[in-house]
S.K.: 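Next up is a structure, given as structure tokens.
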Amino acid sequence: MQTKKIALYLIVVFVLYTIITSPERSADLVQVGFEGIASAAEGVGEFMSELVR
């Protein structure tokens with residue numbers, strides 16, 4: 001359990017460090033992530049629509 005907490009804290013620190021040192025790059029990565037999620041949701045929607053037909 002302690003290892004999970006330490007790993008989580010390290011990830012949070014790394015993310016905060018990345019955001020602080022290069023906010024433009026961080027914004028680009030977030031945008032790419034949201035575009036990927038939107039594309040995946042669109043694909044699932046199309047798949048479900050085809051199943052209903």
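Bear in mind the structure is a predicted one, so any value in this text is a computation, not a measurement.
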S.K.: In terms of hydrophobic clustering (I, L, V, M, F, W, Y; side-chain heavy atoms under 4.5 Å; direct or indirect links), are V44 and L51 co-clustered?
M.R.: yes
S.K.: Against S26, only a single residue in L16, T21, I19 fulfils side-chain contact (heavy atoms from CB on, under 4.5 Å); can you say which?
M.R.: I19
S.K.: To the nearest 0.5 angstrom, please state how far the CG atom of D28 sits from the OG atom of S22.
M.R.: 9.5 Å
S.K.: Any chance you could measure K5, atom NZ, to T3, atom OG1, to the nearest 0.5 Å?
M.R.: 11.0 Å
S.K.: Report yes or no: does S39 contribute a side-chain atom to a donor-acceptor pair with the main-chain N or O of E35 at less than 3.5 Å?
M.R.: no
